[in-house]
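In what follows, a single structure is set out as structure tokens and then discussed.
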Amino acid sequence: MKVLVDTNILLDCLLQRPNLYESSKLVVQHCLFTVQGYIAAHAFSDMFYVLHERENRSLEYCRNTFIKLCQTFEISNVDKQRIIDASNNLKFNDFEDALQDSCAVYSDVDYIITRNVDDFKNSSVPILRPEEFINMIKER
């Protein structure tokens with residue numbers, strides 16, 4: 001199974017957000033051992049902004065974190081075609097979500113794992129909340 005992990009799940013883990021950390025951590029752990037996890041390339045700039053600019057994490061922390069993420073996940077590239085596809089996708093109101101969807105389609109993943117299910121209601125790829133994904137893995 002291949003899954004694209006949305007930025008919010010990764011930030012839940014990295015920031016150990018209360019009430020969100022445990023399920024997000026399990027998603028990442030499954031990407032280490034059970035399924036092939038993907039991250040859209042543009043998620044790194046979003047994470048950098050949140051971690052460094054908002055949360056005052058050091059450049060070294062960000063760099064080391066991104067290296068670890070690249071060792072765990074495949075990276076779904078953002079290229080000219082992904083940007084065109086996302087720009088032409090009228091099903092999405094938010095460009096970043098459309099770009100996530102385009103990367104998921106391009107990488108041929110089975111699911112997008114996100115907390116923002118409503119933002120992806122028109123996705124070309126099935127959407128799962130972290131808890132739904134974890135339950136699905138348990139049942140296998």
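If you read the sequence from its start, that first residue is 1, and numbering goes on from there.
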Side-chain heavy-atom pair Lys25, Val27 within 4.5 angstrom cut-off: no
Minimal non-hydrogen separation, Ala41 against Asn77, with atom names: CB-CA, 4.3 Å
Salt-bridge contact Arg82-Asp85 (side-chain N to carboxylate O under 4.0 Å): yes
Side-chain heavy-atom pair Lys91, Lys121 within 4.5 angstrom cut-off: no
Single-linkage hydrophobic cluster, 4.5 Å side-chain cutoff, Leu59 and Tyr49 together: yes
Asp97 vs Asn116 side-chain heavy atoms within contact, under 4.5 Å: no
Test item: Val3 and Tyr111 side chains (from C-beta on) under 4.5 Å apart, heavy atoms: yes
same_hphob_cluster(Ile84, Val105) at 4.5 Å side-chain heavy-atom cutoff: no
Under 3.5 Å: donor-acceptor pair, side chain of Lys2, backbone of Ser107: yes
Contact check, side chains of Thr65 and Met47, non-hydrogen atoms, under 4.5 Å: no
Side-chain donor/acceptor of His52 to backbone N/O of Arg57, under 3.5 Å: yes
side-chain contact (heavy atoms from CB on, under 4.5 Å) between Leu26 and Glu22, worked out: CA-CA 6 Å; Leu26 286 173; Glu22 288 302 320; 5.8 Å; no
Ion pair check, Arg115 and Asp6, cut-off under 4.0 Å: no
Straight-line distance of Leu11 CG to Gln16 CD, nearest 0.5 Å: 12.5 Å
From Asp108 atom CG to Asp110 atom CG, the distance as rounded to the nearest 0.5 Å: 7.0 Å
Rounded distance (nearest 0.5 Å) linking atom OG1 of Thr7 with atom CG of Leu14: 10.5 Å
Under 4.5 Å side-chain linkage, directly or through intermediates, the cluster mates of Ile83: Val78, Phe95, Leu99
Over 12 non-hydrogen atoms of neighbours within 6.0 angstrom of CD in Glu60: no
Donor + acceptor pair across side chains of Asn8, Thr114 (<3.5 Å): yes
hydrophobic_cluster_shared for Tyr21 and Val50, side chain cutoff 4.5 Å: no
Taking every non-hydrogen atom, the tightest pair across Ser123 and Phe92: CA-CZ, 3.9 Å
Side chain Ser45, main chain His42, donor-acceptor under 3.5 Å: yes
Sole candidate of Asp119, Ile112, Leu4 that passes side-chain contact (heavy atoms from CB on, under 4.5 Å) when paired with Asp101: Ile112
Interatomic spacing from CD1 in Ile39 to CD1 in Ile75 - rounded to 0.5 Å: 5.0 Å
Test item: side-chain donor near acceptor, Arg17 and Ser24, under 3.5 Å: no
Sub-4.5 Å side-chain heavy-atom contact between Met1 and Val109: no
Steps toward side-chain contact (heavy atoms from CB on, under 4.5 Å) verdict (Gln36, Glu74): CA-CA 8 Å; Gln36 181 62 64; Glu74 295 296 322; 3.0 Å; yes
CG-SG distance between Leu69 and Cys13, expressed to the nearest 0.5 angstrom: 9.0 Å
Inter-residue atom distance Ile113.CD1 - Leu10.CG, 0.5 Å rounding: 11.0 Å
Stepwise side chain to side chain donor-acceptor pair (under 3.5 Å) check, Ser102 with Gln81: CA-CA 9 Å; Ser102 180; Gln81 193 58 53; over 6 Å; no
hydrophobic_cluster_shared for Val28 and Leu20, side chain cutoff 4.5 Å: no
Closest heavy-atom pair and its distance - Asp94, Glu96: OD1-N, 2.9 Å
Residue pairs fulfilling ring pair (Phe, Tyr, Trp, His ring centres under 6.0 Å) with at least one residue in residues 59-82, sequence neighbours excluded: Phe44-Phe66
Review item, side-chain donor-acceptor pairs of residues 125-135, under 3.5 Å, at least two apart:
unit_1: Glu131; atom_1: OE2; unit_2: Ser23; atom_2: OG; d: 3.2
unit_1: Glu132; atom_1: OE1; unit_2: Arg129; atom_2: N; d: 2.7
unit_1: Asn135; atom_1: ND2; unit_2: Glu131; atom_2: O; d: 3.3

